[in-house]
Amino acid sequence: MKLEIIYEKDQVVIKNMDSFEPKHIFECGQCFRWDREEDHSYTGIAYGRVLNVSKRGSDIIFKNTNKKDFQELWYHYFDLDTNYNVIKEKLSHNDPIMKKAIEFGAGIRILKQQPWETLISFIISSNNNIPRIKKAIELLCEGYGEYLGVFLGKKRYSFPSPETVAKRSIEEIKACNTGYRAPYIIKTAESVASNPEAFQKLYKFNTEDCQRQLLTFSGVGPKVAHCILFFCMGKMDAFPVDVWVKRIMEYLYFKEDTPSKVIQQFARDKYGGHAGFAQQYLFYYARELGIGKN
DNA sequence: CCCCAGGCAGTTA
DNA sequence: TAACTGCCTGGG
């Protein structure tokens, strides 16, 4: 199965793409800087670039980019080398519940996000909800990120660097609606800025060692660490257990109140190296169905 | 008005 | 080391 990629002026089109649904990708909870436009396309910012993604039939259209950026950046960002059909088959083998969940989020792809941005974003995510998380991140970017120009009538900004955030006062970071997480953010920024090379090399450790190091950052606990492992460290065996996943796993598999640790172990045994994908399908399924709201 | 939201840190027992 | 509590903030 070879992808047919067509490079046009200012945009790139992929023909006959499967396992790629913008709504699933951008609304499954993995990212916070992608917003739906009126035409149902999504505009987002990553790696200091602004991109617009839409779907027409089975074609995916990437606007505001070029061949070089697509090949060097977006191809990897959208995980286009991974065959999701293989993952789906493995996960749904002897598991009708997972099979159903995968049908709902069949177009999910796990974005390869930037570690620093992901680290801070998920610190902000703790005990928080998605609109508020997005708002806080946007304020951080508008206040301290780099101006990238206007796209679709809106000024766009990059995610601020560790050095920039580290120099801000608690009040300034609080003013970005980060609340009591402001000191965590600054401490973590100082830590990353003091040794950027070490942070860049974190992904080279195995899951367990990588997690241990992530837990040393202020504001990073078990759940946030697993999100970071999965979304930007390439640890596809990570399995973040948040309240949604806890509730849906209890509802679908355990039929009773179950500690997060037990769920965690269950997922490790059952899904192994694909645990994170399973988590995403279950999470999206739970949210779309409203399972676990009560 | 109270309660909770994709948890964490800090403090007890 | 497990259990408990407070925490920004705003929408239900």
Side-chain angles (χ1 to χ4, degrees), chain A residues 23-35 101 104-105 108 110-111 113 117-140 143 165 168-192 211-233 235 238-252 257-265 267 275-294:
Chain A
K23 176 179 156 62
H24 296 175
I25 294 171
F26 301 124
E27 294 183 26
C28 72
Q30 63 176 323
C31 54
F32 304 107
R33 297 207 71 199
W34 287 88
D35 295 311
F104 264 77
I108 289 177
I110 303 306
L111 302 172
Q113 303 188 63
E117 176 176 338
T118 307
L119 172 64
I120 297 303
S121 297
F122 280 93
I123 287 174
I124 293 172
S125 82
S126 75
N127 194 25
N128 214 340
N129 59 43
I130 290 172
R132 302 172 55 72
I133 298 163
K134 292 180 77 165
K135 180 69 182 169
I137 293 171
E138 225 35 57
L139 288 172
L140 271 178
V165 176
R168 303 276 73 82
S169 66
I170 290 179
E171 289 69 30
E172 285 174 309
I173 300 301
K174 248 186 191 170
C176 299
N177 287 16
T178 55
Y180 63 89
R181 305 164 196 83
Y184 305 160
I185 292 168
I186 292 173
K187 266 192 219 168
T188 294
E190 285 170 346
S191 175
V192 172
Q211 180 186 13
R212 191 176 305 124
Q213 303 213 43
L214 289 172
L215 288 172
T216 66
F217 290 115
S218 181
V220 177
K223 189 268 172 181
V224 169
H226 272 265
C227 286
I228 297 166
L229 287 168
F230 185 58
F231 294 131
C232 65
M233 296 288 169
K235 308 305 182 197
F239 192 85
V241 181
D242 54 47
V243 295
W244 286 93
V245 168
K246 184 172 186 294
R247 286 186 297 215
I248 196 171
M249 295 278 286
E250 287 167 346
Y251 177 82
L252 294 175
D257 199 27
T258 309
S260 294
K261 270 196 159 183
V262 175
I263 295 176
Q264 182 79 233
Q265 187 60 47
F277 296 98
Q279 192 266 4
Q280 279 303 291
Y281 290 124
L282 288 170
F283 181 79
Y284 187 77
Y285 185 50
R287 306 249 339 171
E288 288 300 295
L289 263 62
I291 290 175
K293 273 187 177 167
N294 297 310

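Because the structure is predicted, anything quoted here is derived from the model rather than measured. To find a chain, count down the sequence lines: A is the first, B the second, and so on, and within it residues start at 1.
Straight-line distance from the NZ atom of A:Lys135 to the C1' atom of C:dC8: 15 Å, rounded to whole Å. Straight-line distance from the CD1 atom of A:Ile133 to the C1' atom of B:dG7: 11 Å, rounded to whole Å. Between A:Phe122 atom CZ and B:dA5 atom C1' the separation is 15 Å, expressed in whole Å. When the P atom of C:dG11 is taken as reference, atom CZ of A:Arg132 falls 8 Å away, rounded to whole Å. One can place CD1 of A:Ile185 at 16 Å from P of B:dG7, the figure rounded to the nearest angstrom. We find that CG of A:Asn129 is positioned 9 Å from P of C:dG11, with the value rounded to whole Å. For A:His226 and B:dC8, the NE2 to P distance is 10 Å, given to the nearest whole Å. One can place CD1 of A:Ile124 at 14 Å from C1' of C:dT9, the figure rounded to the nearest angstrom.
A salt bridge is absent between A:Glu27 and A:Arg287: the closest approach of a Lys/Arg side-chain nitrogen to an acidic carboxylate oxygen does not fall below 4.0 angstrom. Between A:Lys246 and A:Glu250 a salt bridge is recorded (basic side-chain N to carboxylate O distance below 4.0 Å). One finds no salt bridge joining A:Asp242 and A:Arg247 here, because no Lys/Arg side-chain nitrogen approaches an Asp/Glu carboxylate oxygen to under 4.0 Å.
Looking at heavy-atom distances under 4.0 Å, A:Ile123 makes no contact with the nucleic acid at all. Residue contacts shown for A:Gly219 are limited to sugar-phosphate atoms, with no base heavy atom under 4.0 Å away. Within the nucleic acid shown, A:Pro222 comes within 4.0 Å of sugar-phosphate atoms alone, with no base atom in reach, counting heavy atoms only. Contacts of A:Val245 with the nucleic acid, taken as non-hydrogen atoms under 4.0 Å apart, are absent.
For the pair A:Phe231 and A:Tyr184, nearest-nucleotide mapping onto DNA chain B gives the more 5' position to A:Phe231.
Between the side chain of A:Arg181 and the base of B:dC8, no donor-acceptor pair of N or O atoms lies under 3.5 Å. One can find a donor-acceptor pair under 3.5 Å joining the base of B:dG7 and the side-chain atoms of A:Tyr180.
The separation of B:dT11 from C:dC8, taken at their P atoms, amounts to 15 Å, rounded to a whole angstrom. Rounded to whole Å, the P atom of B:dG6 lies 23 Å from the corresponding atom of C:dC4.
With C:dG10, B:dG10, B:dG7 as the candidates, the nucleotide lying closest to the side chain of A:Lys187 is B:dG10.
Aromatic ring centres of A:Phe239 and A:Phe230 lie farther apart than the 6.0 Å criterion allows.
Here the closest heavy-atom approach between residue A:Ile137 and residue A:Ser121 is recorded as CD1-OG, 3.4 Å.
Nucleotide B:dG6 has no partner under the Watson-Crick or G-U criteria, as no pair reaches both atom distances under 3.5 Å.
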